[in-house]
Every structure is written in structure tokens, then in C-alpha cells.
**Q** 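Here you go, one structure.
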There are 2 protein chains.
Amino acid sequence: MLERTFSIGHVAAVTGCKVETIRFYEGIGLLPEPERTEGNQRRYLAKHVERLRFIMHARELGLAVEAIRQLIALGENPSAPCEQADEIARQQLESVRRKIARLTELAAELERIVASCDGKSIADCRVFEVLADHSTCDHGGAKVRP
Amino acid sequence: MLERTFSIGHVAAVTGCKVETIRFYEGIGLLPEPERTEGNQRRYLAKHVERLRFIMHARELGLAVEAIRQLIALGENPSAPCEQADEIARQQLESVRRKIARLTELAAELERIVASCDGKSIADCRVFEVLADHSTCDHGGAKVRP
DNA sequence: CTTGAACCTATAGTTACTAGAGGAATTAGG
DNA sequence: CCTAATTCCTCTAGTAACTATAGGTTCAAG
């Protein structure tokens, strides 16, 4: 019996992933290319939907596309030891913890800045003073994407 | 008396900002264009260095370039009330808090994933199970950049 | 005055998508 | 069966905030 197939729009609807993003994932090799109709339209199988869910969940957890690619490769041979998969998850956990630590510092400094504002004119606004003078704060110097 | 001037490399050295980034900030209008030598090389004044420090610190705090642009515009007329500057800082604080909350959820889920691994083969590795099935976790669905 | 370091512009690459143009295929209704 | 609306196709370019490269010019020390 032939398996049931889904259009890209249907896959998008059931997963919540945008159509363009599905094509994008195929383009970068995360999603295998599905069969096509005579008219060149994609027809997905249930396995594609599962794979897409896997990718989406991993992305929500903050895994980089490259990490997901590695996980998928690992998943291809199920008899391999799962140490590497575990390691990827561990690294991601570490990275998330570092981000939290950094953001917590930033929140503290922003709180100080906000608290120091007394609603008077810009001329004596602490926001500017503090921003202009890094030495009045105490955090380190790593950059963060906003 | 003529003010002392600095080459772009010197400014980079004293601020810790890369040369290319300084030129980039000028290109997007955050740093005013400095005078040039006859040979077309930039020569900065102390005020440029201050402005760059301001930008760098704001970026470290996670402010978007657009927000910094607004702050700079506010700073241009010092008699204006500082409410708007304060508002920008407040919004940033809120955004940082939201990120922390989200990352804390992710850390919790990654901890569960990592804890569930028992070092056996991929075939029964929980990392894959959990990643493949979003319903086994409990967080919301917003995306985060890695 | 020579040489090497620092500087210049302009372009393309990075990440993970998102949006648009312009056109073809599919599906629903009559 | 035919038409219209919807969905789909590819390709290109745009987003944020830089970073890197290529190919050429200027500066400053010796």
C-alpha cells in the first residue's frame, strides 16, 4: 500500500513551521528532499513530518543548525553509542547557562540605571552618565546579540 | 589650540573596538564622520572616543543599534526630559528579563534530556526521543537565536 | 628615501530565516 | 469540462550586527 502524502502547505499547517522555512531546511540539508508530483510540487511522507518536528524542537531549545545536523547524522546509525548526542545536549546546556549568567548581570546593571533616573532633564540623566562610563559598572566585557 | 587627534588604529587600541567595527559604526551613522588627513585617513578627537565608548557599553548591555541611535538623538538636546531615555532602558530591562525566563525554561528541559541519557546506544537514547516529541516537555514555543 | 605597518574602499560572508517577484500547478465550484 | 482561486514553484534579496577579504594607498620610522 502506498503511504499517505502531504503538500508542503499541509505540513506547515500541522507543524506550525512556515512553508518557506520548510523549503529552507531542505535547502541546507536538514530535511531530505521529498518526492515530487508530475507538476514538480513536493509531496511529504510521515517521516518527513517527524524529522521536521525534531528540527523545530531542537531549534526551540536553541541548538544551532550545525548541532542539529550532527544529531541527525548520529541518529542515522542507531547502534552507535549515544555519548556524542549526549555531549551535544550537554554543551547546549552549558551555553544556555552561560547566557543566563551574562543576562543576569546585564539585568542588574540595567536595574541600577533605571533606578537612578529621577525624571529630570537629559542634561543630568544618569542613563547617559552610566552608559558613557563603563567604569561605573562591574560586569565583564563579552558581547551579546540583542 | 588644536585638539589632539587619533588614528583609527589608536582609537581601536584604547577602546578595544575593532577597526572594522569603528568604520561600520560610522557607516550606519552612530559615529560622526571625523576629519581626514590629506591622504584621506581618519583623525579622531576625544569626543569620538567618548561616543564610541558610549556605543560599546550600550551594545554590551544588549541595546539594539536602533535604540542607541535614539539615545544619541535624545542626548543631542540636553534640556529635554529624560523620560524617553529612561523608557529605552526600561524596555531593555524587560527584554533581558524575558530572555532570562525563556532560557531558564530551556535549561530545565536540557537538564532533563541530559539526565535521561544512560550512555547506551543511540537506538534507545532519550535525547532523540525527547527531541522528536515536543509533547514530552512543557515549555512554550517562541524561537531563540543560538 | 625606502620599507613595512597601518590605512583606505568595496564587496562578500556569517546565522537562520523572511519576504517578494513572476510564473506554473492544483483544487473547488459551477 | 472550464475557469478562478489558491497553493505551489524557483530565485533573489533583505534582516542584525558585524567580520573578513582583496587590492590598493598613506604614513612614520630608520
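Letters A, B, ... mirror the listed sequences (proteins, then strands); counts begin at 1.
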**Q** Just wondering, more than 12 heavy atoms not from B:Glu76 lying within 6.0 Å of its CD?
**A** yes
**Q** Identify whether the distance between the nearest side-chain nitrogen and carboxylate oxygen of B:Arg53 and B:Glu50 falls below 4.0 Å.
**A** no
**Q** Rounded to the nearest angstrom, tell me the gap between atom CD1 in A:Ile28 and atom P in C:dC17.
**A** 7 Å
**Q** May I ask you to say whether B:Arg97 pairs ionically with B:Glu94, meaning some side-chain N is under 4.0 Å from a carboxylate O?
**A** yes
**Q** Respond yes when some side-chain nitrogen or oxygen of B:Tyr25 is under 4.0 Å from OP1 or OP2 of D:dA17, and no when none is.
**A** no
**Q** Nearest-nucleotide wise, let me know which of A:Val19 and B:Arg23 is further upstream toward the 5' end of DNA chain D.
**A** A:Val19
**Q** Please state how far atom CD in A:Glu26 lies from atom P in D:dC8, giving the value in whole angstrom units.
**A** 14 Å
**Q** What heavy-atom pair brings B:Ile72 and B:Leu30 nearest, and what distance separates the two atoms?
**A** CD1-O, 3.8 Å
**Q** Over how many whole Å does the gap from B:Arg69 atom CZ to D:dA17 atom C1' extend?
**A** 12 Å
**Q** Just how far, in rounded Å, is P of D:dA17 from CD1 of B:Ile22?
**A** 18 Å
**Q** Contact class for B:Ile8 vs. all strands (heavy atom < 4.0 Å): base, sugar-phosphate, or nothing?
**A** sugar-phosphate
**Q** Let me see the working for A:Glu38 and A:Arg43 under salt bridge (Lys or Arg N to Asp or Glu O under 4.0 Å), right down to the final yes or no.
**A** CA-CA 11 Å; A:Glu38 273 185 42; A:Arg43 287 298 174 259; over 6 Å; no
**Q** D:dT7 P sits how many Å from A:Tyr44 OH, rounded?
**A** 16 Å
**Q** Which parts of residues 36-43 of chain B get close to DNA chain C, meaning a heavy atom less than 4.0 angstrom away?
**A** B:Arg36, B:Asn40, B:Gln41, B:Arg42
**Q** State, yes or no, whether a side-chain contact exists between B:Leu52 and B:Tyr44 at a heavy-atom distance under 4.5 Å.
**A** no
**Q** From C:dA16, C:dA19, C:dC7, pick the nucleotide closest to the side chain of A:Phe24?
**A** C:dA16
**Q** Angle between the end axes of the helix from C:dC1-D:dG30 to C:dG30-D:dC1, five pairs per end, to the nearest 10 degrees?
**A** 10°
**Q** Quick check: closest heavy atoms across A:Val11 and A:Thr15, and the distance to 0.1 Å?
**A** O-OG1, 2.8 Å
**Q** Considering only C:dT18, D:dT19, D:dC18, which nucleotide approaches the side chain of B:Glu20 most closely?
**A** D:dT19
**Q** Check whether any side-chain N or O of B:Ser7 sits under 4.0 Å from OP1 or OP2 of C:dC7, and answer yes or no.
**A** yes
**Q** Whole-Å distance between D:dT19 P and B:Lys18 NZ?
**A** 5 Å
**Q** Salt bridge or not for B:Glu3 and B:Lys47, using N-O below 4.0 Å?
**A** no
**Q** Can you tell me how far P of D:dC18 sits from CG of B:Leu31, to the nearest Å?
**A** 12 Å
**Q** Are the side chains of B:Leu106 and B:Arg102 in contact, using a 4.5 Å heavy-atom criterion?
**A** yes
**Q** Round to a whole Å and report the spacing from CD of B:Glu60 to P of D:dA17.
**A** 15 Å
